[in-house]
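Everything below concerns the one structure shown next.
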Amino acid sequence: MMRQYELVDLVKRYNPRCDEALLDKAYVYGMMKHGPQKRASGDPYFSHPLEVAAILTEMRMDDATIATALLHDTIEDTDATKQEIEQKFGAEIAGLVESLTKLKKLDFVSKKTEQAENFRRLLLAVAADVRVLLVKLADRLHNMRTLHHMREDKRLRIAEETMEIYAPLAGRMGMQNIREELEDLSFRILQPEAYASIVGRLEQMREESKNLIPAIEQALTEKLGSDGIPAKVRGREKKPYSIFTKVQRKGLSLEQLSDIFGFRIVVESLHDCYHALGIVHTTWSMVPGRFKDYISTPKQNDYRSIHTTVVGPGRQRVELQIRTEEMHRFAEYGIAAHALYKDGDRISGGRNIVDLSQSSGAWAWLRETIERLNDPNLNPEEFLENTKLELFQDQVFCFTPKGKIIALPRGATPIDFAYAVHTDVGNTCVGAKINGRVRPVMTELANGDEVEVLTAKAQVPPAAWEQIAVTGRARAAIRRATRDAVRKQFGGLGRQILVRAFERAGKEFSETALAAAVGRLGHKQATEVLAAVGRGEIASEAVLRAVHPELFDAQGRQTQPRAATTGEGWFDTSSVSGVMKFRVPDGGSDDRTSIPIRGLSGDLPVRFAPAGGAVPGDRIVGILTPGEGITIYPIQSPALKEFDEEPSRWLDVRWDIDPNSPSRFPARIAINSLNEPGSLAQISQVIAENDGNIDNIKMIPKAADFHEIIIDLEVWDLKHLTRIIHQLRAKPIISSAVRVNG
Ligand code: MN
C-alpha cells in the first residue's frame, strides 16, 4: 500500500504549493476510519481510496479532489458523518464526499430504471461540481482494475455498466486513456473469448515485428530532427478493444489485421505540427483517404491532432498522430486538463458547470445534457437511452434557414434534425431541403448543412423512420406517434367488428354501454377495448357478454342463436385457442377445408391476396386494412411494395397446418412453351401426374413460335409446387416455368 509521503510526492510533482497538511490529515482520517476493513481481494480497504487518489494525481487534480478521493467511501462504509468531515475538512470537501456517497448508494444496480435514475443523479451531481465526475471515473477505473476478485454475476453487471456508460462518458469528456482502459477491462470480462483471440494474435504479430517500433521511432525522430524539428516520437500498440471494434466494423478476419501500431509525434508548436506533416508526406508516400486535420476542426470532445497514414520505413503502413504537448495533455486528460488548470496555473475548482467556458465542446455537451434534466416530463429511462446514443458519437452542426445551430450526433438525418427543432416539426415532417435542394430524409447530414424541414398537416411519421433516426429523441417520438396512430386504426377496426357482432345478437352497439363494462374486460377505457378487439386480443363475444350478460346462460353459452354470417365474399371466422380458421373467399369452392394461421385471433376477416396466393411453406405476412380485414400475402409478392411506407399495417402471421388433414391451396405459374401441337396436353399431363389440380388455363400468344401459358392450380404446399415447376422445366418444349405472385 502506498505510503502517506508517496502520495504527497505525486501531488508535489505537478503542484509544488499543495496543501500538504490537508493531504496528510485526509490520509490519516481515511485510514483510521476504514481500519481493519478488507476488500474482496483481501487487501486493506484503504488501499482502494488511496489508489483512486493516485489516479487523480495523474490528471493533476487539485488538493480538494485528492482529499475527496481519500475520503470518498467513509460516509457510506464507516461511522464517519458529513458533519464530522465538514468540521475537519471544510464544506467543499464534505459536499463532494456527500455527493459521491449518494451516488454510491445506487451503484451497480441491475434494473434499467435504477440505472437510469443513477445516471440522472450523477449528472445532477456533476452539474453542481464537475470534480464529482472525475472522482467517480477514477473510482470506477480502480474497481474495474480489481474486478477479478468479485463474484461472476456482479462482475458482468459492473463491466456492462462500465462499457455502456462510464467508458463512453470518459471519451465524451476527452479522457482517452481512461476510456481505453475502461473499455479493455470491460471487454475482457464481457467477451473473454474474443479478447483472448485478439491478445493471441497481437502476441504473434509482436513477435513477427519485434524491432519495428524502435526502428520506426528512430527513423521518424532522425528525419524530423535533421529538418530542425525537435520531436518526441512514441510508438504504441493498439488496445484489444479498439482492434476488436475495427475488425467488427470492417468485417476483417484477425489474419487480415495489419496495422496494430500507432505512432505519436509530439512537437513544440502548432507551426511544427504542419511542418512535421509536410516532411512526413514528402519522405514517405501517404495512404490516400487517411488524412484528418483535427487541429483546424477539433472533435466534439475537443480532441486536436493531425492524423495520417504513410507507407513508412520498411514498407510498413504506419499510422501517425501529430500534436503539441498541450494537445497531447488534453487528449489524455480531457476536461480534467481544461477545467482546473490553464497554462500551469491553478484555477480554483468547484465551479458550477453552467459558468464554464463556451468554447469547449465537451463542456457544452455536458451542460446541454444537464439542462435537459430540467424537463418536467423527463422519463429517466428514455433520457439514459438518448444520452447513451449521443455518448457514442461525435456530433455534426447544422443550421435552420434562420441560422440557428442544431447539434446532432454524427450519422443524423433530416428526421433527427426535424425532431431536434420541435417534436411537432418532426411529427409533420414529409421531406427536407438540404442546402436548398430536396433530399431524401435518410440523407446523412454533414457539418454546416442548412436544413429546411418540409411539413404537412395530418401526417403520421412512418414507423420505419424509427430505424433511420439516430437520436433517441426522434426515435422515442416516432414510436409514440406511430403507437398512437396504430391504436386509432385498430380502434376503428374494433368498432366495426363490434357493431357487426352486436347486430348479429340483435343488439345495438353503443360506446356508452361499453364504457360501463370496460372494468369486466380488464381495461380502463373504451378506446383500449376497441383497439384490443381490432388487434384480435379480445373476442367480440367477450365484449358482448360483458355488455349484455343477460344474453348468456350460466355456463357462459349464448342463449340466443347467432345470426348466420352474410356478406360480401367474407366468411365466418371463429377463434380456437389463438388459432384462426378461415375460408378462402372465392366462389364455388365452399367445400375447401379451412386454413389455420397463427398470429391472429378474434373476429378479423381474413383472405388471401387475389392473384397468386400463398401456399404452406411460403413465408407470409398479413396486411391490415382498417374496416376491411387482413389479407395474407407471400412475402415475395410484389404487391407488398405498396405497403412499404406503412409498416404499422404489417402483421406477423404464420402457418399452422394440421398434418392429419391436409388441404390444397391456389397458386399460379407462368410457362413459356413452344407453339407446337400437343404442347398443352404435355403440360397438363405433367401437372396431373404430379397430383396437381388445374383450375384455369390462359394462353397468351407471344410470337409465332412461342406462347405464354398462365395456369391457376391447386397444390398441397410449396414443396409440391416447386416439384411441379421442376418437372415442367424438364420438358424440351418448355423454355421457362416460374411461379407468379400478384
Ligand atoms: Mn470507491
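All residue numbers refer to positions in the sequence shown, counting from 1. Side-chain atoms are counted along with the backbone in the values below, which use heavy atoms only and exclude waters and symmetry mates.
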Checklist entry - Does the pair Val425 and Phe417 meet the rule for a side-chain contact (heavy atoms from CB on, under 4.5 Å), with working shown? => result CA-CA 9 Å; Val425 176; Phe417 184 93; over 6 Å; no

Checklist entry - side-chain contact (heavy atoms from CB on, under 4.5 Å) between Lys698 and Ile711: does it pass, once the steps are laid out? => result CA-CA 6 Å; Lys698 197 157 71 176; Ile711 299 179; over 6 Å; no

Is there side-chain contact between [X] and [Y], with heavy atoms separated by less than 4.5 Å?
X      : Y      : result
Pro634 : Arg619 : no
Met163 : Leu190 : yes
Leu521 : Leu514 : yes
Ser684 : Ile694 : yes
Lys731 : Val686 : yes
Ile434 : Thr443 : yes
Asp449 : Asn435 : yes
Glu503 : Leu498 : no

Salt bridge flag under 4.0 Å for residues [X] and [Y]:
X      : Y      : result
Glu541 : Arg545 : yes
Asp618 : Arg739 : yes
Arg439 : Glu452 : no

Return yes if some donor-acceptor pair links the side-chain N/O of [X] with the main-chain N/O of [Y] below 3.5 Å, else return no.
X      : Y      : value
Thr428 : Asp424 : yes
Asp695 : Asp712 : no
Arg668 : Val740 : no

For the residue pair [X] and [Y], what are the closest heavy atoms and their distance?
X      : Y      : value
Val615 : Phe665 : CG1-CB, 3.9 Å
Val547 : Ala513 : CG1-CB, 3.8 Å
Val441 : Ile468 : O-CG2, 4.5 Å
Ile632 : Ala614 : CG2-CB, 4.5 Å
Ala474 : Asp416 : CB-OD1, 3.6 Å
Ala477 : Thr423 : CB-CG2, 4.0 Å

Checklist entry - Pairs in or reaching into residues 666-697: which pass ring pair (Phe, Tyr, Trp, His ring centres under 6.0 Å), with residues at least two apart or in two chains? => result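 Listed by first then second residue: nothing to list.
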
Next on the checklist: Applying ring pair (Phe, Tyr, Trp, His ring centres under 6.0 Å) as the test, list every pair that has at least one member in residues 509-528; sequence neighbours left out.
Outcome noted: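 Listed once each, the pairs are Phe502-Phe509.
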
Checklist entry - Considering residues at least two apart in sequence or located in another chain, which fulfil the ring-ring contact (aromatic ring centres under 6.0 Å, His included) criterion with Phe187? => result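 For Phe187 the ring-ring contact (aromatic ring centres under 6.0 Å, His included) partners, ignoring immediate neighbours, are Tyr195, Tyr241, Phe244.
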
Item to check | Modelled atom types, side-chain donor and acceptor of Asn427 and Tyr419, under 3.5 Å | outcome: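 Distance-only check passes for Asn427 and Tyr419.
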
Using 0.5 Å steps for rounding, measure from the [atom1] atom of [X] to the [atom2] atom of [Y].
X      : Y      : atom1 : atom2 : result
Ile671 : Ser736 : CD1   : OG    : 8.5 Å
Tyr633 : Ile623 : OH    : CD1   : 7.0 Å
Ile687 : Asn693 : CD1   : CG    : 10.0 Å
Glu450 : Cys398 : CD    : SG    : 10.5 Å
Ser540 : Arg504 : OG    : CZ    : 5.5 Å

Next on the checklist: As a test of understanding, state which of Ile683, Ile710, Ile709 forms a side-chain contact (heavy atoms from CB on, under 4.5 Å) with Ile697.
Outcome noted: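 The side-chain contact (heavy atoms from CB on, under 4.5 Å) with Ile697 is passed solely by Ile709 among Ile683, Ile710, Ile709.
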
Checklist entry - Is there a side-chain contact (heavy atoms from CB on, under 4.5 Å) between Thr455 and Val430 once you walk through the steps? => result CA-CA 5 Å; Thr455 59; Val430 289; 5.6 Å; no

Checklist entry - Under the side chain to side chain donor-acceptor pair (under 3.5 Å) test, which residues partner His422, sequence neighbours left out? => result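 Checked His422 against side chain to side chain donor-acceptor pair (under 3.5 Å); zero matches.
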
Checklist entry - side chain to side chain donor-acceptor pair (under 3.5 Å) with Glu466: which residues, sequence neighbours excluded? => result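 In terms of side chain to side chain donor-acceptor pair (under 3.5 Å), with neighbours along the sequence ignored, Glu466 is linked to Arg479.
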
Item to check | Chi angles and distances behind the side-chain contact (heavy atoms from CB on, under 4.5 Å) call for Ile733, Gln682 | outcome: CA-CA 9 Å; Ile733 52 148; Gln682 285 192 48; 3.9 Å; yes

List, one per line, each side-chain donor-acceptor pair under 3.5 Å for residues 717-729, sequence neighbours excluded.
from	atom 1	to	atom 2	distance (Å)
Asp717	OD1	Lys719	N	3.3
Asp717	OD1	His720	N	2.9
His720	ND1	Trp716	N	3.0
His720	NE2	Asn690	O	2.7
Thr722	OG1	Leu718	O	2.6
Arg729	NE	Ala737	O	2.9
Arg729	NH2	Ala737	O	2.8

